[in-house]
Student: 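First, the structure itself, so that you have it in front of you.
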Amino acid sequence: MKFLTSFLLLCEHRRVSHSRPFLPHRMSSESIRNDEATRVCFNHAGASPSPLPVIDRAVEHMQLEQSIGGYAAAQDAEEEVREVYQAVAKLINARSTDEIALVESATVAWTRLFYSMAQRQLKRFDDSGVILICEAEYAANAVAVSRWAEENKWTVLAIPSASTSDGGNTGMVDLSILESMMLGCYEYRKSGESILLDPSRIAMVCITHIPTNSGILNPVEDIGRRISKFNSERGGLSVPQALYLVDACQSVGHVSVDVQEVFCHGLVATGRKYLRGPRGTGFLFVSSSIVDDLWPQHIDHYGVPIAAVPEHYRDGDAVESILDYRPRKGAKRFEFWEANVANRLALGVAIRESIRIGPKYIENECFQLAKIMRDRLIRIPNLVIHHSSSTRCGIVTFYTSAIDSQSVYAEMQKQGFELSVVPATSTPIDSAKSGVPDLVRASVSYFNSPREIECFVESLSIFLEA
């Protein structure tokens, strides 16, 4: 479509490749312009383009590995790697780097924490535990908790979402229903039987902060305060009755996240989304108040080192009876020996720049740009924004009765806009309740511009009208 190409050329595009510069602190996104862009990125909730300093740091370290070998290069970067832990701790306001582990992704982080927490709680609850999740829980998490429940005769319950003023569904946890669950005033169904939830059975609460399929924000701070109160009323336990795990995969680098305000026992995030780090990076936070009571479910000799060579060994001795091994101090017990040092260093660069720019500034820019996009999209006939009344952040998802989401995505990609399609199965409970199909997802970041949004909406509108 030549007229669309000409139209796009009129837009003030900026480069979205790896060489895009960082946005200077407090500088308007309108002040950075570059004519070399080939695609406008609205997929920051998937994989945001890494700036040049991030890529440069990874390449520089890999070149060092090529020159002197991976082990020697890692030794050369030891101090800088320690600074990555410090940057993560500062970003989310952890008390210590002992509460931080670096891993390959948010899903790796989440599964390592979930299974160790669930295994710890199995000692207390045996076959009676209950796990609470949100309706917008990510599919990977929902599968893991469901499988755990099946294997251990536990129960998984989704906390119902709050209603909108017109009787619709916000997609966000209803705090009043959560409170009723904790008070023993909530009935659920299992195997056709109605059961009154016994709050003494609540072992874990797993909440996705910002889901993959909409721009809602679950009230993780309010949830955390209620869980903290719930646990304090059941004092005298070495490990709290209900462990609280937050999936902040879509929120860290997007909105301001403070683990002290969330009151969580564990939190996970990725590097490749709003933090603009490389793929294959992520981290977990685990509170110092519980970490010593957690054994990782998958271990190696880094996370759980052997303390000493056995003093006596004879052929035929049972090895497990003579080896002295124990978890490493703090969250690093969740790490493995092998790691991509280049990616970790690059992640550190991305996090330090996010801190320098300012999480609150980034949050405000994302919210404002997303509002502009929503205000433009609602003018398009037959287009529906998912959870439109409760969407606030930089993620906007929609569908249209005119054409399927995959076709919309494919056409917009041809026209130079990088989006994504969110399958309905990626948030199975929310999709079942709301009845939405696969969704087109447009996610903005602080360095997008209103002009780019105008171009996108105009192109989308022309395509749908045609």
Side-chain angles (χ1 to χ4, degrees), residues 57-58 61-62 64-66 68-92 94-120 144 245 259 265-272 277-311 313 318-351:
R57 188 63 193 96
H61 186 79
M62 286 190 288
L64 185 61
E65 289 181 335
Q66 183 185 38
I68 64 176
Y71 281 9
Q75 189 174 10
D76 218 43
E78 281 180 353
E79 180 57 37
E80 188 178 349
V81 170
R82 280 192 287 270
E83 292 173 357
V84 178
Y85 290 90
Q86 294 167 4
V88 173
K90 183 176 181 180
L91 179 69
I92 63 172
R95 289 190 174 92
S96 165
T97 55
D98 287 339
E99 296 181 317
I100 305 299
L102 301 179
V103 294
E104 298 85 347
S105 70
T107 298
V108 168
W110 192 94
T111 52
R112 288 185 187 173
L113 274 183
F114 169 75
Y115 285 111
S116 65
M117 288 179 170
Q119 189 67 42
R120 175 61 181 80
L245 176 57
V259 293
H265 300 107
L267 180 140
V268 305
T270 185
R272 66 178 160 85
R279 293 193 70 177
T281 59
F283 64 84
L284 64 83
F285 156 85
V286 57
S287 172
S288 57
S289 66
I290 67 161
V291 67
D292 290 339
D293 288 290
L294 300 180
W295 265 85
Q297 289 304 290
H298 297 92
I299 60 178
D300 75 351
H301 63 303
Y302 177 81
V304 184
I306 294 173
V309 174
E311 290 185 11
Y313 174 75
V319 174
E320 74 275 11
S321 66
I322 63 170
L323 279 188
D324 179 12
Y325 55 92
R326 62 200 69 170
R328 189 175 291 273
K329 178 186 176 184
K332 291 181 182 63
R333 64 186 60 198
F334 292 100
E335 295 184 356
F336 280 37
W337 164 254
E338 188 55 44
N340 189 323
V341 178
N343 273 3
R344 287 184 171 185
L345 297 173
L347 175 65
V349 174
I351 291 174

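The residues of the chain are indexed from 1 along the displayed sequence. The figures that follow rest on heavy atoms only: side chains count, while hydrogens, waters and symmetry mates do not.
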Student: Drop me the distance from E65's CD to N340's CG, to the nearest 0.5 angstrom.
Tutor: 7.0 Å
Student: Which pair of non-hydrogen atoms, one from D300 and one from W337, has the smallest distance, and what is that distance?
Tutor: OD2-N, 2.8 Å
Student: Which pair of non-hydrogen atoms, one from A342 and one from H61, has the smallest distance, and what is that distance?
Tutor: N-CD2, 3.7 Å
Student: Considering all heavy atoms of both residues, which atom of A331 and which atom of A101 are nearest to each other, and what is their separation?
Tutor: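 Residues A331 and A101, closest heavy atoms: O-CB, 3.3 Å.
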Student: Taking everything shown except Y325 itself, do over 12 heavy atoms lie less than 6.0 Å from its OH?
Tutor: no
Student: Would you indicate whether the side-chain heavy atoms of V88 and L102 approach each other to under 4.5 Å?
Tutor: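 In contact.
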Student: Tell me the closest heavy-atom pair linking S289 and S287, and the distance in Å.
Tutor: OG-OG, 2.8 Å
Student: Does anything in residues 99-115 pair up under salt bridge (Lys or Arg N to Asp or Glu O under 4.0 Å), and if so which pairs, sequence neighbours excluded?
Tutor: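 For residues 99-115: E104-R112.
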Student: Minimum heavy-atom separation for I100 to A94, with atom names?
Tutor: CD1-CB, 4.1 Å
Student: Measure the OG-OH distance between S96 and Y85 for me, rounded to the nearest 0.5 Å.
Tutor: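 Those atoms lie 12.0 Å apart.
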Student: Go through Y302 and K332 one step at a time and tell me if the side-chain contact (heavy atoms from CB on, under 4.5 Å) criterion holds.
Tutor: CA-CA 9 Å; Y302 177 81; K332 291 181 182 63; 4.1 Å; yes
Student: Rounded to the nearest 0.5 Å, how far does NE2 of H301 lie from CD1 of I306?
Tutor: 8.0 Å
Student: Other residues, nucleotides and ligands only: do more than 12 of their heavy atoms fall within 6.0 Å of CD on E78?
Tutor: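 Yes, CD of E78 has more than 12 neighbouring heavy atoms, counting only those of other groups under 6.0 Å.
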Student: Would you give the length of the straight line joining atom CZ of R333 to atom CH2 of W295, rounded to the nearest 0.5 angstrom?
Tutor: 8.0 Å
Student: With a 4.5 Å limit on heavy-atom distance, are the side chains of T97 and R82 in contact?
Tutor: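 Not in contact.
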Student: Check this for me, if you would: do R328 and E335 make a salt bridge, where the nitrogen-to-carboxylate-oxygen distance has to be below 4.0 angstrom?
Tutor: no
Student: Side chains of S105 and T107: donor-acceptor distance under 3.5 Å anywhere?
Tutor: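 No, because no side-chain N or O of S105 sits under 3.5 Å from a partner of the opposite role on T107.
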Student: Report yes if the side chains of Y115 and H298 come closer than 4.5 Å at any heavy-atom pair, otherwise no.
Tutor: no
Student: Measure the spacing between CG of L113 and CG of L284 and express it to the nearest 0.5 Å.
Tutor: 4.5 Å
Student: How long is the straight-line distance from OG1 of T281 back to CD1 of I351, given to the nearest 0.5 Å?
Tutor: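 So the CD1 of I351 and the OG1 of T281 are separated by 8.0 Å.
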Student: Can you see which heavy atom on P278 is nearest to which on L347, and at what distance?
Tutor: CD-N, 3.9 Å
Student: Is there a side-chain contact (heavy atoms from CB on, under 4.5 Å) between T111 and Q297 once you walk through the steps?
Tutor: CA-CA 9 Å; T111 52; Q297 289 304 290; over 6 Å; no
Student: Would you say V268 and F285 make side-chain contact, with heavy atoms under 4.5 Å?
Tutor: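 SC-SC contact between V268 and F285 ruled out.
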Student: Kindly determine whether F283 and V84 satisfy side-chain contact (heavy atoms from CB on, under 4.5 Å), including the steps that lead there.
Tutor: CA-CA 10 Å; F283 64 84; V84 178; over 6 Å; no
Student: Using only atom types and a distance under 3.5 Å, with no angle test, would you say the side chain of D98 pairs donor to acceptor with the backbone of K329?
Tutor: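 Absent.
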Student: Around atom CD of Q66, are there more than 12 heavy atoms from other residues, nucleotides or ligands closer than 6.0 Å?
Tutor: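 Counting other residues, nucleotides and ligands, CD of Q66 stays at 12 neighbours or fewer.
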Student: Going by salt bridge (charged side-chain N to carboxylate O under 4.0 Å, His left out), name the residues that satisfy it together with R95, two or more places apart in sequence or in a different chain.
Tutor: none
Student: Between N343 and A58 (side chain of the first, backbone of the second, donor and acceptor by atom type, cut-off under 3.5 Å), is there such a pair?
Tutor: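 The answer is no, because no donor-acceptor pair under 3.5 Å joins these two groups.
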